[in-house]
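For reference, the structure discussed in these notes is given below.
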Amino acid sequence: MKSLLELSFLGNEMSRPPVWMMRQAGRYLPEYRALKEKFSFLELCRSTELALEVSMQPIRRLDMDIAIVFADILLPLEGMGIEIDFNPGPVIKNKISSESDISSLTHGAGDSIKYVPEVISLIKGELQKIDTPEEAKKDVVGFAGAPWTLACYISDQGPYKWFHGTEVFAKSQRKAFHQMLEKITDVIGDYVVAQVEAGAGAIQLFDTWGGMLNAECYKEFSLPYLNKIFERIRKANCKSMLYINGSCHLLPLLKTELHADGISIDWRMQINDAIEQLGDKFLVQGNFDPSDLFSTPQDIEQKTSTMLNGVHRKSKYIANLGHGIYQTTPVENAKTFIESVKKGW
Ligand code: CP3
């Protein structure tokens, strides 16, 4: 029996879409905050036992259809010689700002992050133990950062909001910048293939800062590298998805040139406009505004129903937020969102 996630990628008609929430494992959950009193974020990620526990916490409490492995997009960079920390936002200790910095980056992330695929296989095992109706089988999604977004974190001096420093670097030292993107792409490619081999039902790449680029720059600095990774996922026999924060202006380019199976839409546009623009080729995911989870249960239920009614097909759609859940979100409101989706179209 296939999982809801697999069925939606296959294009099967569904009585309701699968549902999960980006950043569903984390600080809005009291049980996560309790663990954070004892362990640092990196300790939680690096211990397979703790990362499994944190990945399963939202499933136990909110019963979504899809688990996401607890990790961070920056972890594979450690294997390239980049020193990272979280405070709680990302801290890069050795910024990359010159051609010689780039040539000192090592190629292999492999061994340093074997724990993430391991957690995926543990999650898969846990999900199988949950007594779920056959027609609502749960699955686990793996993820990684897009090369452009990772390049933003390692090269920009901050604040991590606009990344103009990265754009200046990209355009003033084009050749070296492309070499850096190439190295990151190799590392991320190996990393996601290991996640597929561990049992991930799909892989989502986060290009959180891709939306700052116009289509021409996206085509130069992000798309070719994403496509290389998506091709590797396809060859490994798995489905893939891309999330860009602020993607409205990029949809025409993605429609013709992106080699992924699905696109996750942020909260800024009507979900059906995105589906109409992208056509039947792509699964579409999204796009509940995470700030609407601060309203009343009635309002959340109504807005979820409006979102589902706006999806003019009963297939190739996964309900989700338009970006990660905010850390101050009331848990019961997140529950209302999940339960509202489960009521169906
Ligand atoms: O979705 C999940 O539940 C899995 C866990 C997950 C984390 N980070 C855990 C985390 C995922 C999928 C990510 C991806 C990630 N990390 C992205 C892409 C998604 C997006 O939001 O656009 C980005 C840009 C990062 C980088 C990052 N890591 C930031 C900006 C921050 C700090 C701010 C914040 O939102 O918390 C982190 C730290 C981080 N990653 C935390 C968690 C739970 C907080 C650490 C803590 O608990 O102290």
Side-chain angles (χ1 to χ4, degrees), residues 19-46 50-62 64 66-78 82 84-92 113 115-116 119-120 123 140-154 156 158-163 166 188 191-192 195 200 202-212 241-247 264-268 285-287 290 318 320-329 331 334 338:
V19 59
W20 65 293
M21 296 186 301
M22 284 187 270
R23 305 292 289 270
Q24 66 192 17
R27 289 170 295 185
Y28 72 106
L29 289 175
E31 53 272 41
Y32 175 81
R33 292 197 298 270
L35 276 179
K36 267 304 292 290
E37 302 214 332
K38 290 194 237 153
F39 303 99
S40 72
F41 175 64
L42 281 173
E43 282 169 334
L44 290 180
C45 293
R46 287 178 183 141
L50 292 171
L52 168 67
E53 165 60 22
V54 175
S55 308
M56 292 305 294
Q57 283 177 345
I59 306 290
R60 278 191 223 115
R61 191 190 265 265
L62 303 171
M64 46 282 274
I66 295 165
I68 179 162
V69 61
F70 188 74
D72 194 84
I73 57 168
L74 301 180
L75 298 178
L77 298 174
E78 285 189 304
I82 293 168
I84 60 167
D85 205 355
F86 293 88
N87 183 24
V91 179
I92 304 294
I113 39 155
Y115 54 89
V116 175
V119 179
I120 289 180
I123 296 171
V140 53
V141 163
F143 74 91
W148 166 260
T149 288
L150 293 174
C152 283
Y153 280 109
I154 63 181
D156 210 280
Y160 289 151
K161 206 169 167 201
W162 301 112
F163 299 97
T166 304
I188 297 300
Y191 178 53
V192 294
Q195 295 186 31
I203 300 288
Q204 175 157 323
L205 295 189
F206 285 98
D207 204 357
T208 305
W209 304 113
M212 66 191 266
M241 224 179 331
L242 173 66
Y243 173 79
I244 305 174
N245 189 0
S247 60
S264 193
I265 301 293
D266 71 48
W267 68 94
R268 295 176 181 87
Q285 174 176 272
N287 74 339
I318 297 176
N320 202 325
L321 307 179
H323 195 192
I325 187 167
Y326 301 145
Q327 59 167 308
T328 50
T329 306
V331 184
I338 304 291

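Positions are given from 1, in the same order as the sequence printed here. In each ligand, atom 1 is the first atom listed, and ligand 1 is the first ligand listed.
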Taking 4.0 angstrom as the limit and counting only heavy atoms of [X], give me the atoms of ligand 1 inside it, by number and element.
| X | value |
| --- | --- |
| I68 | 1 (O), 2 (C), 3 (O), 4 (C), 12 (C) |
| T208 | 18 (C), 19 (C), 20 (C), 22 (O), 24 (C) |
| Q24 | 1 (O), 2 (C), 3 (O) |
| G89 | 32 (C) |

Ignoring hydrogens, what is the shortest heavy-atom contact between [X] and [Y]? Give both atom names and the distance.
| X | Y | result |
| --- | --- | --- |
| V140 | V69 | CG2-N, 4.4 Å |
| P90 | L74 | CB-CD1, 3.1 Å |
| Y115 | C45 | CD1-O, 3.3 Å |
| P76 | I188 | CG-CD1, 3.8 Å |

Would you check if the side chain of [X] reaches a backbone N or O of [Y] as a donor-acceptor pair within less than 3.5 Å?
| X | Y | value |
| --- | --- | --- |
| D85 | V91 | no |
| T149 | W209 | yes |
| N87 | G89 | no |
| Q195 | F143 | yes |
| D207 | I244 | no |
| Y160 | Y153 | yes |

Any idea which protein heavy atom is nearest [atom], and the distance to it?
| atom | answer |
| --- | --- |
| atom 39 (C) of ligand 1 | R23 NH2, 3.5 Å |
| atom 14 (C) of ligand 1 | I73 CG2, 3.8 Å |
| atom 42 (C) of ligand 1 | F41 CE1, 3.4 Å |
| atom 48 (O) of ligand 1 | K36 NZ, 2.4 Å |
| atom 34 (C) of ligand 1 | R27 NH2, 3.0 Å |
| atom 31 (C) of ligand 1 | P90 CD, 3.7 Å |
| atom 19 (C) of ligand 1 | F206 CD2, 3.4 Å |
| atom 38 (C) of ligand 1 | P88 O, 3.4 Å |

So is [X] polar-close to ligand 1, meaning N/O to N/O under 3.5 Å?
| X | result |
| --- | --- |
| D72 | yes |
| Y153 | no |
| Y243 | no |

Exercise for review: Have a look at ligand 1 and work out which part of V69, if any, has a heavy atom under 4.0 Å from it: side chain, backbone, both or neither.
Suggested key: backbone
Practice item. Would you mind telling me if ligand 1 is within reach of the side chain of Y32, the backbone, both or neither, using heavy atoms under 4.0 Å? Key: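 For Y32, only side-chain atoms sit under 4.0 Å from ligand 1.
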Review point. According to the interplanar angle, ranging from 0 to 90°, do the rings of F41 and F70 count as parallel (below 30°), tilted (30 to 60°) or perpendicular (above 60°)?
Key: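 It falls in the perpendicular class, over 60°.
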Check your understanding: So is A71 in contact with ligand 1, going by heavy-atom distances below 4.0 Å?
Key -> yes
Practice item. Check if M21 has a non-hydrogen atom at a distance under 4.0 Å from any atom of ligand 1. Key: no
Return a table of donor-acceptor pairs under 3.5 angstrom between the side chains of residues 22-31 and protein atoms on other chains or two or more places apart.
{"residue": "Q24", "atom": "OE1", "partner": "M21", "partner atom": "N", "Å": "2.9"}
{"residue": "Q24", "atom": "NE2", "partner": "I66", "partner atom": "O", "Å": "2.8"}
{"residue": "Y28", "atom": "OH", "partner": "Q24", "partner atom": "O", "Å": "2.6"}
{"residue": "E31", "atom": "OE1", "partner": "R61", "partner atom": "NE", "Å": "3.3"}
{"residue": "E31", "atom": "OE1", "partner": "R61", "partner atom": "NH2", "Å": "3.0"}
{"residue": "E31", "atom": "OE2", "partner": "R61", "partner atom": "NE", "Å": "2.9"}

